[in-house]
Amino acid sequence: TSHPEWIVRALSDSLGKSEEVEALLNSHNLPAWPTLNALPGRVTRDELLQAGALAIEGAQRAFIFRGNPGDLDSVRLHNTIVQDHGSQIVVEQFFQVAIKLHADRPLRWLDLCAGPGGKAAYLDALITDGDFIANEISEHRARLVSNVVRRGQITHHDGRSLPPEVGKFDAILIDAPCTGLGALRRRPEVRWRRTPNDLGSLQNLQRELLHSAVSICEIGGVLGYSTCSPHLAETTLQVMRFLAEHPNFERIETTSPSRTRDGDLQLWTHRDGTDSMFLSLLKRRS
């Protein structure tokens, strides 16, 4: 199936059953049509349907478009973005839990690693009250974020060491840099560009971003730790280590049918027709 052996082993560790692993590997070799997100408040579902997009059953805002998204006016105007349905589900789960925890007041929201801006754009469109900051370390990627975030503030800092004046937040999304093994159908070259040697440095970066978020998370607030990878070292094991080091945090179960035994979200390309996205929701108790 044109996968390096180390990736096959990693996916086998995460998924378990050999027949499912084979189905997952084969799903990475099937072409995927662009998926669109009709951002709330910016474009209606009817507008996209009239433009030829096909609604994904059960999705809130996701559409398949069998053509060039750049041909659509709403995409050129950034009212619609190209975003895998799995990424949309991550934002929706994070948003719903944060709102439920703090239904009595407006929140302060942070996207700690916002570039290139897809999840930040969706969060920005969903938030109708409260403050939202989209932070990105790369100046170039921060400019991309500014193209799609209209309501929130764009900042340009290293997420591992935010300045004190940024303050604290009720809801922090950490869409951490990762191996990208969950998006091999859309980025097939990643399977050959990544090596096992990349894993250690990425794990350290993910851990540092999580630790940084602890100090700026309000008591009662929630961290959403997300990766576009199902590798156990970047998902379950990373969360287990975080909880062991920070006993004042606890998991909140996601509401998705695609949740793990621990309650985290783990999507699979062959099961869900999405990138294999991961999300763990972590609440600060004290």
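Side chains included, hydrogens not; waters and symmetry mates left out as well; all remaining heavy atoms used.
By the criterion of side-chain heavy atoms lying less than 4.5 angstrom apart, applied directly or through intervening Ile, Leu, Val, Met, Phe, Trp or Tyr residues, I99 is grouped together with L123 in one hydrophobic cluster. Neither L181 nor M277 shares a network with the other; the hydrophobic side chains, linked directly or stepwise wherever heavy atoms of I, L, V, M, F, W or Y lie under 4.5 Å apart, form separate groups for each. Cluster membership check: F95 shares its hydrophobic cluster with Y122, using side-chain heavy-atom separations under 4.5 Å among Ile, Leu, Val, Met, Phe, Trp and Tyr. Two different hydrophobic clusters hold V91 and V82 under the rule that ILVMFWY side chains link at heavy-atom gaps under 4.5 Å. Cluster annotation: L11 is not connected to L267 through the hydrophobic network of ILVMFWY side chains, with a link wherever side-chain heavy atoms come within less than 4.5 Å.
With R76 contributing its side chain and D71 its backbone, the two residues share a donor-acceptor pair below 3.5 Å. Proximity of a side-chain donor or acceptor of R9 to a complementary backbone N or O of P4 within less than 3.5 Å is not detected. In terms of modelled atom types and a separation under 3.5 Å, the side chain of D198 and the main chain of T195 share a donor-acceptor contact. With hydrogens and angles ignored, the 3.5 Å screen pairs a side-chain donor or acceptor of S14 with a backbone N or O of A10. Side chain of R191 to main chain of I7: no donor-acceptor pair is present (N/O by atom type, distance under 3.5 Å, no hydrogens or angles). Although no hydrogens or angles enter the test, the distance criterion places a donor-acceptor pair under 3.5 Å between the side chain of Q83 and the main chain of G118. Of the possible donor and acceptor atoms, one in the side chain of T235 sits under 3.5 Å from a partner among the backbone N and O of H231. The backbone N or O of A55 lies less than 3.5 Å from no partner atom in the side chain of R45, so there is not a single donor-acceptor pair.
What you find for V190 and G180 is that their closest heavy atoms are CG1-O, 4.1 Å. Shortest non-hydrogen contact noted between H102 and G221 is NE2-CA, 3.9 Å. The two residues V90 and L279 have their closest heavy-atom pair at O-CD2, 3.6 Å. In this structure, A233 and L199 approach most closely via the heavy-atom pair CB-CD2, 4.1 Å. In terms of heavy-atom proximity, D84 sits nearest to G86 at OD2-N, 2.7 Å. Scanning both residues, S276 and L24, for their nearest heavy atoms gives OG-CD1, 4.2 Å.
Rounded to the nearest 0.5 Å, atoms CG (N26) and CG (L30) are 7.0 Å apart. In this structure, L184 CG and T1 OG1 are separated by 10.0 Å, a value rounded to the nearest 0.5 Å. Separating the NE2 atom in H270 from the CD atom in E22 is a distance of 11.0 Å, to the nearest 0.5 Å. From E47, atom CD reaches atom CD of Q50 across 7.5 Å, with rounding to the nearest 0.5 Å. Atoms CG and OG, on D272 and S258 in that order, are 3.5 Å from each other to the nearest 0.5 Å. Separation of atoms CG (L144) and NE2 (H140) is listed at 4.5 Å; rounding is to 0.5 Å.
Between the side chains of S229 and E234, at least one donor N or O lies within less than 3.5 Å of an accepting N or O. Side-chain atoms of T227 and Q206 form no donor-acceptor pair, as typed in the model, at a separation below 3.5 Å.
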Start with the C-alpha distance between C113 and N135, add both sets of side-chain angles, then the distance that settles side chain to side chain contact (heavy atoms under 4.5 Å, CB included), and finish with yes or no. CA-CA 6 Å; C113 317; N135 178 72; over 6 Å; no
Test side chain to side chain contact (heavy atoms under 4.5 Å, CB included) on Q238 and R207; report intermediate values, then the result. CA-CA 7 Å; Q238 190 71 268; R207 184 168 175 246; 3.8 Å; yes
Checking side-chain hydrogen bond (donor to acceptor under 3.5 Å, both in side chains) for the pair N248/S286: CA distance, chi angles, key distance, verdict? CA-CA 6 Å; N248 58 326; S286 61; 4.8 Å; no
Does E250 form a side chain to side chain contact (heavy atoms under 4.5 Å, CB included) with R284? I'd like the steps, not just the answer. CA-CA 7 Å; E250 63 183 356; R284 182 171 179 174; over 6 Å; no
One pair to check against side chain to side chain contact (heavy atoms under 4.5 Å, CB included): D111 and F132. What are the steps and the verdict? CA-CA 8 Å; D111 187 340; F132 173 51; 4.0 Å; yes
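At least one side-chain heavy atom of P69 sits under 4.5 Å from a side-chain heavy atom of L36. Between P177 and L202 the shortest side-chain heavy-atom distance falls below 4.5 Å. Inter-residue side-chain proximity for D175 and S87 is flagged as unmet; no heavy-atom pair is nearer than 4.5 Å. In this structure, the side chains of W33 and F63 stay at 4.5 Å or more apart for every pair of heavy atoms. Residues C217 and K168 fail the side-chain proximity criterion, which asks for heavy atoms closer than 4.5 Å. Using a 4.5 Å heavy-atom threshold, the side chains of Q93 and I89 count as touching. Between T80 and N37 there is no side-chain heavy-atom pair separated by less than 4.5 Å. The side-chain heavy atoms of Q88 and T35, taken from C-beta on, include a pair separated by under 4.5 Å.
Within the hydrophobic cluster formed by Ile, Leu, Val, Met, Phe, Trp and Tyr side chains joined at under 4.5 Å, directly or through other members, V43 stands alone, with no partner residue. Other cluster members for L209: L110, L112, I133, L162, V166, F169, I172, I174, L205, L210, V214, I216, L223, Y225, V239, F242, L243, F249, F278, L282, joined by side-chain heavy-atom distances under 4.5 Å among Ile, Leu, Val, Met, Phe, Trp and Tyr. Annotation for W192: hydrophobic cluster partners, listed by chain and number, are none (ILVMFWY side-chain heavy atoms under 4.5 Å, direct or chained).
Here R271 pairs with E20 in a salt bridge; the nearest charged N to carboxylate O distance falls below 4.0 Å. A salt bridge links E189 with R187; the closest basic N to acidic carboxylate O contact falls under 4.0 Å. With respect to the salt-bridge test (charged N to carboxylate O, under 4.0 angstrom), the residues E136 and R141 qualify. A salt bridge between R105 and D170 is present, with a side-chain N of the basic residue lying under 4.0 Å from a carboxylate O of the acidic one. A salt bridge links R42 with D124: at least one charged nitrogen is closer than 4.0 Å to a carboxylate oxygen. A salt bridge links R251 and D264; the closest N-O separation between the charged side-chain nitrogens and carboxylate oxygens is under 4.0 Å. Using a 4.0 Å cut-off between charged nitrogen and carboxylate oxygen, R186 and D275 count as a salt-bridge pair. Salt-bridge formation is not detected for the pair R151/D131: no Lys NZ or Arg NE/NH1/NH2 atom is positioned less than 4.0 Å from an Asp or Glu carboxylate oxygen.
Taking the six-membered ring where the residue is Trp, H3 and H28 present tilted rings, their angle falling between 30° and 60°.
Remark: E165 CD is packed, more than 12 non-hydrogen atoms of other residues, nucleotides or ligands lying under 6.0 Å away. Atom CZ of R285 sits in a crowded spot, with more than 12 heavy atoms from other residues, nucleotides or ligands closer than 6.0 Å. No more than 12 heavy atoms of other residues, nucleotides or ligands sit less than 6.0 Å from atom CD of E5.
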